2 protein chains.
Amino acid sequence: MLSNTCKTAIKAVIYLASKDESDEKSGVKEIARYINASEHTVSKILQTLARQKIINSIKGPTGGFYITTKQRKQPIITIVDTIDGKDLFDECGLGLSKCSSSHPCPIHDEYKKGREVIQKLFRTKTINVLCEPVESGLAYLIG
Amino acid sequence: MLSNTCKTAIKAVIYLASKDESDEKSGVKEIARYINASEHTVSKILQTLARQKIINSIKGPTGGFYITTKQRKQPIITIVDTIDGKDLFDECGLGLSKCSSSHPCPIHDEYKKGREVIQKLFRTKTINVLCEPVESGLAYLIG
DNA sequence: AGAATAAAAGTACTTAATTACTTTTAATAG
DNA sequence: CTATTAAAAGTAATTAAGTACTTTTATTCT
């Protein structure tokens, strides 16, 4: 469903959002180590997200990436849209080019039903929600 | 969700299954032209499917690919499993490695709900079902 | 049997996705 | 104001997915 890059993006954002202080900054090295991904990959992804104002970045010593309280209220779909593109949830399940609601393929409606559950999930659940189990630590999720 | 190769596979099988006669054989050229895909790609895919006995092939003149009445009763998932692999529907929606039903991530249950609608669809709908609108022709679907 | 046909199979090429490396720029601390 | 730190940005290398080409093998028809 989601690309690997997008999954890494979500993990990195979860890590940032798991910080108690809204302005606590994390370096790429630290994040990459924790989520077990390549430093280079993580920095590329976080740069992209920062450009879209989904997270923030500060250069220089004591710099790093962080996410504000307000930004934590964004739905997860903002990450997905930025990394995987906006039409991930719009295509026919079988890739039939001429399938549409007015000319549906035999599985159109049922596929749509499933897809919409997932889409709604990404639209309504916020980044905050992903950090809920933070009391018991996030290691079991993204470590 | 499905890879492009897998979508092409499904289209090719729909084309085969749209033939009235169970033993009516179609050549790669004809199939590829109809579903608007590369001949080479289509033949690779069909060879794979034939090896898995999802469809059949006969060499030589008057040869080609075909699908029996019995094979048309197979669920679509057999194609998906063969082309995209068996664990397409088993992963966590966010790619969190340690997410599981006993240690679910915050969106685990809801994501699973959506995924299972789609999975069930592929498990229960047969190849036959995809050809139901055959009376009005398949052109609007795969042409 | 020999020629012709069409899939099988193996190989090579192309493109896109992912990962790695290098240089530049901004910010801070001494 | 210089050195250091860390992200930004651009480039290059790798990997995987998809597409193209070539040779082989089985089958049928003459």
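Quick caveat: nothing in here was measured; it's all calculated off a predicted structure. Below, chain A is the first sequence line, B the second, and so on; all start at residue 1.
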Give A:Lys44 one of three labels, base, sugar-phosphate or nothing, depending on what nucleic acid heavy atoms sit under 4.0 Å from its own. base
Indicate, with a heavy-atom threshold strictly under 4.0 Å, whether B:Leu46 touches base, sugar-phosphate, or nothing. nothing
Give the nucleotide from the list [options] with an atom nearest to the side chain of [X].
{"X": "B:His40", "options": "C:dC21, D:dC21, D:dG18", "result": "D:dC21"}
{"X": "A:Lys59", "options": "C:dT18, C:dT25, C:dA8", "result": "C:dT25"}
{"X": "A:Arg51", "options": "C:dA20, D:dA9, C:dA4", "result": "D:dA9"}
{"X": "A:Ser3", "options": "C:dA8, C:dT18, D:dA7", "result": "C:dT18"}
{"X": "A:Ser38", "options": "C:dA7, C:dT19, D:dA9", "result": "C:dT19"}

So, B:Asn128 versus B:Gln74: side-chain donor-acceptor pair below 3.5 Å or not? no
Any donor-acceptor pair under 3.5 Å linking the side-chain atoms of A:Tyr66 with those of A:Gln71? no
Once you round it to whole Å, what is the distance between [atom2] of [N] and [atom1] of [X]?
{"X": "A:Tyr66", "N": "C:dA27", "atom1": "OH", "atom2": "C1'", "result": "13 Å"}
{"X": "A:Leu2", "N": "C:dA17", "atom1": "CG", "atom2": "C1'", "result": "15 Å"}
{"X": "A:Phe65", "N": "D:dT5", "atom1": "CZ", "atom2": "P", "result": "18 Å"}
{"X": "A:Ile45", "N": "C:dA20", "atom1": "CD1", "atom2": "C1'", "result": "14 Å"}
{"X": "B:Gln47", "N": "D:dA26", "atom1": "CD", "atom2": "P", "result": "14 Å"}
{"X": "B:Lys7", "N": "D:dA17", "atom1": "NZ", "atom2": "P", "result": "15 Å"}
{"X": "B:Ile67", "N": "C:dA7", "atom1": "CD1", "atom2": "P", "result": "16 Å"}
{"X": "A:Lys25", "N": "D:dA7", "atom1": "NZ", "atom2": "P", "result": "11 Å"}

I want to check one thing: is the phosphate of [N], taken as OP1 and OP2, less than 4.0 Å away from some side-chain N or O of [X]?
{"X": "B:Thr5", "N": "D:dG18", "value": "yes"}
{"X": "B:Ser43", "N": "C:dA7", "value": "no"}
{"X": "B:Thr62", "N": "D:dT27", "value": "no"}
{"X": "A:Ser57", "N": "D:dA7", "value": "no"}

5'-most contact on DNA chain C (nearest-nucleotide basis), A:Ile58 vs A:Thr8, goes to A:Thr8
For B:Arg72 and B:Ile127, indicate whether the former's side chain and the latter's backbone hold a donor-acceptor pair under 3.5 Å. no
Salt bridge B:Glu116-A:Lys113, side-chain N to carboxylate O under 4.0 Å: no
Kindly determine whether B:Lys125 and A:Glu110 satisfy salt bridge (Lys or Arg N to Asp or Glu O under 4.0 Å), including the steps that lead there. CA-CA 11 Å; B:Lys125 302 283 182 184; A:Glu110 206 164 332; 3.6 Å; yes
Tell me, with the steps shown, if A:Glu30 and A:Lys19 meet salt bridge (Lys or Arg N to Asp or Glu O under 4.0 Å). CA-CA 13 Å; A:Glu30 170 193 348; A:Lys19 298 287 168 181; 3.3 Å; yes
Specify the residue among A:Pro61 and A:Asn56 whose closest nucleotide of DNA chain D lies further upstream toward the 5′ end. A:Pro61
